[in-house]
Amino acid sequence: LGEAPASDRLAGKHILVTAGPTHEPIDPVRYLANRSSGRQGFAIAGALARLGARVTLVSGPVALPTPPGVARIDVETAQEMANAVAAALPADAAVMVAAVADWRVEQADHKIKKDGGAAPELALVENPDILAMLGASPRRPHLLVGFAAETDKVVEHATAKRTRKNADWIVANDVSGDVMGGNANSIHLITKTGTESWERMDKQEVARRLAERIADAL
Ligand code: CTP
Ligand code: CA
């Protein structure tokens, strides 16, 4: 059911997309989160499906409809996202757009009570890096694309992430303005051979252009 794809450039290809924030429980009623809306990742999943790809979208908690033709798996935490990504392999390409929480709370199984004493201290432990995990995996997708939201030294930081995580491309997102949760994006596409800076455009247009580039590469 639903719309026929606009083209078959990605027919027969399986592409994995992560999107949205993750929620990390502090206790059974509270959580740590971030400002990711999921819009850019959902737009990319939709654009890839319109080129005929089979798309698996692993999404953190967001308030967005599933794009037509996309198979969506909902998760809450970074660990659940890592498991869902591993279970969705193999994939021809993976586009990791999610704003994965870097840390989770070590112990979150009992509600923290006020009890009149000092404010609680949260012991944090680092979450698995899902992009780096795919970069090092024997089942690494042929094309591995990461995102990097940066406020300063955007290209420098993103270039370092590309190498460190063994990604093919990093889409570096300049979030010094109003990008988080907003509608437009100012991005640089960092590849092995150099950096392309795209003019500021809306997230749907970033998604369309990126999907075409992925089709060129596969
Ligand atoms: N990423 C991931 N798993 C994590 C953290 C990040 O898969 N636990 C992915 C993101 O989806 C993104 C890329 O890695 O594609 C870069 O995320 P970013 O938060 O910019 O990088 P970090 O290595 O977490 O560095 P920073 O200290 O700047 O947050
Ligand atoms: Ca991070």
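For ligands, and for the atoms within them, numbers begin at 1 and follow the listed sequence.
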Hey, are the side chains of [X] and [Y] touching, using non-hydrogen atoms and a 4.5 Å cut-off?
| X | Y | value |
| --- | --- | --- |
| V145 | V171 | yes |
| F42 | L57 | yes |
| L144 | L131 | yes |

Examine [X] against ligand 1 and note whether any of their N/O atoms are separated by less than 3.5 Å.
| X | result |
| --- | --- |
| M96 | yes |
| I130 | yes |
| A101 | no |
| G146 | no |

For [atom], which protein heavy atom lies nearest, and how many Å away is it?
| atom | result |
| --- | --- |
| atom 14 (O) of ligand 1 | K165 NZ, 3.1 Å |
| atom 9 (C) of ligand 1 | L131 CB, 3.8 Å |
| atom 11 (O) of ligand 1 | A98 O, 2.7 Å |
| atom 1 (N) of ligand 1 | D129 OD1, 3.8 Å |
| atom 17 (O) of ligand 1 | F147 O, 3.7 Å |
| atom 26 (P) of ligand 1 | K161 NZ, 3.9 Å |

- Of the listed options (A158, A78, P128), which comes nearest to atom 8 (N) of ligand 1 when hydrogens are ignored and any heavy atom counts?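 Minimum heavy-atom distance to atom 8 (N) of ligand 1 goes to P128.
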- Task: Salt-bridge test for K161 and E150: reply yes if a basic N is under 4.0 Å from a carboxylate O, no otherwise.
- Result: yes
- Could you tell me whether R209 and E196 have a side-chain N and a carboxylate O separated by less than 4.0 Å? no
- Message: Protein heavy atoms near atom 3 (N) of ligand 1, is at least one of them under 4.0 angstrom away?
- Response: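 Flag for atom 3 (N) of ligand 1 set to true, protein heavy atom closer than 4.0 Å.
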- Under 4.0 Å from a heavy atom of A148: give me the atoms of ligand 1 that qualify, with their elements.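 Those of ligand 1 that fall under 4.0 Å from A148 are 20 (O).
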- Task: Following the transitive rule for hydrophobic clusters with a side-chain heavy-atom cut-off under 4.5 Å over Ile, Leu, Val, Met, Phe, Trp and Tyr, establish whether I187 and V175 coincide in one cluster.
- Result: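 Unlinked, I187 and V175 end up in two clusters.
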- Task: Answer with yes or no whether the hydrophobic clustering places V105 together with V75; edges join I, L, V, M, F, W, Y residues whose side-chain heavy atoms lie under 4.5 Å apart.
- Result: no
- Residue that, paired with I130, satisfies side chain to side chain contact (heavy atoms under 4.5 Å, CB included) out of N83, T22, V85: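 Result: among N83, T22, V85, V85 is the only option passing the side chain to side chain contact (heavy atoms under 4.5 Å, CB included) with I130.
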- Message: Please confirm whether D102 approaches ligand 1 to less than 4.0 Å, judged on its heavy atoms.
- Response: yes
- At the 4.0 Å heavy-atom cut-off, does R164 count as touching ligand 1? yes
- Message: Looking at W169, I'd like to know if the NZ or CZ of R162 sits under 6.0 Å from its six-membered ring centre while staying within 45 degrees of the ring's axis.
- Response: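 Not satisfied by the 6.0 Å and 45° rule.
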- Polar side-chain atom of N166 near backbone of G135 as donor-acceptor pair, under 3.5 Å: yes
